[in-house]
**Student:** 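I am attaching a structure below and will ask some questions about it afterwards.
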Amino acid sequence: MLVNQSISGVIERITFVNNENGYTVAKMKSRGYHDLVTIVGNLPGVTVGAVVSLKGQWKMDSKYGKQFIVNIYEEKLPATIAGIEKYLGSGLIKGIGPVNAKRIVKEFKEDTLRVIEEDIERLLQVEGIGEKRIEMIKNAWEEQKEVKNIMIFLQSHGVSTAYGVKIYKTYGNDSIKVVQENPYQLADDIWGIGFKTADKIAQNLGFDPQSYKRIRSGILYVLNQLSNDGHCFAYRDQLIEESNKLLEVELERVASAIEEMLKEESLIPDEDDALFLPAFYFSEVGVARRLRSINETDSNYIHKNSDKIVASIEKQNKVVYDEMRREAIRKAGSCKITVLTGGPGTGKTFTTLGIISFYSMMGANILLAAPTGRAAKRMSELTGMESKTIHRLLEFNPSKGYTFKEDNPLKCDVLILDEVSMVDLILMYNLLKAVPDNAIIILVGDVDQLPSVGAGNVLRDIIDSGAVEVVRLTTVFRQAQGSMIITNAHRVNQGHFIHYKGSNNRDFFFIDEDDPEQAAKTIVELVTKRLPTYYKVDPLRDIQVLCPMLRGSTGAHNINTILQEQLTTKGTYIKYGGTTFYVGDKVMQIKNNYDKNVFNGDIGFIQGINLEDRAISISIDDKIVEYDYTELDEVILAYASTVHKSQGSEYPIVVAPLSTQHYMMLQRNLLYTCITRAKKIFILIGTKKAVSMAIRNNKIAKRNTMLAKRLV
């Protein structure tokens, strides 16, 4: 058995961090070692400047050399002047950033922490610190004192400072009590703390690995992981097997825990041995119930014979619809719920404008909505009418929830919802609860794109159910036929090989490159030099790199790092985990934050960094959103993004790597979605073999849903 060795020192640099599980690679300055020591382990939230005491073992890695593998770590208050300066400048004490930390320590040296604790008014001696900042520092220091015992307790059980702050913010003075009684509750209540982190804390506390609390938390974790993959439920055998793999306990114990959870209704059973989390069960049943109720209720604006109205629209708008689009408008005008689907260039927007004209001519009150700010903005630009995100439409309030709901429905006769393929089950249910029964609903979207990031497959399920009228536009507009982007998107969708060559003024380009490292260099050259020079565009706002995966040479992580280096003006910065954020950085929100009214996939630009308050401000959809240091795990760089995160967006220019390195993700609908994100120029870098693999793989990952069955 390996014996733990001990080393201590100051964290100088963080090389990599996985915010989901806290796995960190960092460099540490330690007495007795000439070079910085590489430390590796589960160190969630550890910051540069932290003084740490570590226990673990040395290991020689064939690629990275000598490393210290951390099993246990503890953060301590620093004793040296350099340590005190780094500690105060790390952002733990609001009001003291790196600049003021340097000034304070220069003034008081080793006596600094005692001065702040016992005689804080002496800070007035320091340049740049006035009464207002002293008050801020005093409050922050008092809060630190309040949480000191909690922090010491948590750190002694493997919880980092950053997670400790989140725990304290959630539970206050009950933090120790909650953690001692049921550390698995952390995984339920706090974003960023998953089951594995909670389980590690529990093991340090001596919790029984066979306990019901642990098994219950593991089962919930498995179900939530499945929901992250789009599933609304798990089959009993599937849940038992996956939970057993995670928990490493007897199958009978997992089965017994499931029975207990069914009794307490934290799981809900359905036919075919399906087991739901309550939120997904009630949302799925609710979506089916609301769609049926709306579909079965009459409206004063429905016209069974609408040919005359369509003719009037053509005359008024000076357009001529072909039979397919004329039929689409007729159906939308004669049915309570209509789905309008089709690929790029087939005229979904043109037809939607006809439907809007149809109901406007009849004096109906029309509301337009889309799932994201970008999609809503695009809808407004194309229609000339106001379009809102679903959350804005329902007037979401973080403390009170949705303003518009069952007992306070929206005031509308017609609701037109765009980009429905992006809408997950729970969001659709919240929307439908607010739609009055007599309203008409038009659902617009491309069913062949990737499904929603959240659980469910709402648009496909509604279409597959056959319960509502569906219009699929297939004919490509003549003016769109000259676009290789549109032509190749349809070819991919039909399983045909793409056309690689075209006219000189084409909008689709292919660069054959089988070396991922070279492909990454080409992407950077295209984004930073060739495309901005040739097309006179802004590389940050007009060009988007879309990657099939996060990992690898041409994965979003690596491309982000390189592009940030090339495109960012080095100035004020703040570090979180393994990421350095600069003013001007292009970033993406990666979780729904209802308090800030920002959502998973929203893109913004860092407008300001306040080092003293350890906060950043980000411009997202023309509004400034403030982030505290402990909230930076919600934000990632977005010079490059995954294709999944790009849904609902369009970019003037898209650059996309596609190599056999991505074989796990090479699917037809992924390539199709990627191509259809480009408005003007699409550049594919990779191999024809990878393109062929993607086109041939039409196995759409089946999601566990029952919505289609419930609608029949």
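Only a predicted model underlies this, so the values are computations on that prediction, with no experimental measurement involved.
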**Student:** When you measure from the centre of the six-membered ring of Y582, is the NZ or CZ of K570 closer than 6.0 Å and no more than 45° off the axis?
**Tutor:**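 Yes, K570 sits over the ring of Y582.
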**Student:** Distance under 6.0 Å and angle within 45° of the ring axis: does K575 meet both against F581?
**Tutor:**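 The answer is no, since K575 fails at least one limit relative to F581.
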**Student:** Do the non-hydrogen side-chain atoms of L637 and H557 ever get within less than 4.5 Å of each other?
**Tutor:**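 In short, these two side chains do not touch, never coming nearer than 4.5 Å.
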**Student:** Would a 4.5 Å heavy-atom cut-off, applied to side chains only, mark K596 and Y627 as touching?
**Tutor:**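 Yes; the side chains approach each other to less than 4.5 Å.
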**Student:** Looking at V527, L540, I559, which hits side-chain contact (heavy atoms from CB on, under 4.5 Å) with Y639?
**Tutor:**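 Running side-chain contact (heavy atoms from CB on, under 4.5 Å) over V527, L540, I559 with Y639 returns exactly one hit, L540.
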**Student:** Angle between ring planes, H391 versus F396, binned at 30° and 60°: parallel, tilted or perpendicular?
**Tutor:**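 Correct class here is perpendicular.
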**Student:** Just wondering, are more than 12 heavy atoms of other shown residues or ligands nearer than 6.0 Å to NZ in K29?
**Tutor:**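 12 or below, so no.
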**Student:** So, applying side-chain contact (heavy atoms from CB on, under 4.5 Å) with L340, which one of T352, T346, I329 is it?
**Tutor:**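 Going through the options one by one, the only one that passes is T352.
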**Student:** Examine Y500 together with F508 and report whether their ring centres are nearer than 6.0 Å.
**Tutor:**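 So the answer is no for these two rings.
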**Student:** Working to the nearest 0.5 angstrom, can you tell me the gap between D507 CG and I485 CD1?
**Tutor:**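 Taking CG in D507 and CD1 in I485, the distance rounds to 4.0 Å.
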**Student:** Should S387 and D418 be marked as a side-chain hydrogen bond (donor to acceptor under 3.5 Å, both in side chains) after you check the CA-CA gap, both sets of side-chain angles, and the distance that decides it?
**Tutor:** CA-CA 10 Å; S387 176; D418 197 15; over 6 Å; no
**Student:** Is it the case that the side chain of K27 and the backbone of E12 share a donor-acceptor pair, with hydrogens and angles ignored and the cut-off at 3.5 Å?
**Tutor:**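 No, K27 side chain to E12 backbone: no donor-acceptor pair under 3.5 Å.
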**Student:** So, do V655 and I685 sit near enough that their side-chain heavy atoms are less than 4.5 Å apart?
**Tutor:**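 Yes; the side chains approach each other to less than 4.5 Å.
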**Student:** Using a 6.0 Å cut-off, check whether atom CG of D538 has over 12 heavy atoms from anything other than its own residue.
**Tutor:**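 Atom CG in D538 is crowded, with more than 12 foreign heavy atoms closer than 6.0 Å.
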**Student:** Does NZ or CZ of R677 lie under 6.0 Å from the centre of the six-membered ring of F682, at an angle within 45° of the ring axis?
**Tutor:**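 Not satisfied by the 6.0 Å and 45° rule.
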**Student:** Can you check whether I683 reaches V654 side chain to side chain, under 4.5 Å on heavy atoms?
**Tutor:**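 Side-chain contact under 4.5 Å: no.
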**Student:** Distance check, rounded to the nearest 0.5 Å: M324 atom CE versus L473 atom CG?
**Tutor:**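 One finds 6.5 Å between CE of M324 and CG of L473.
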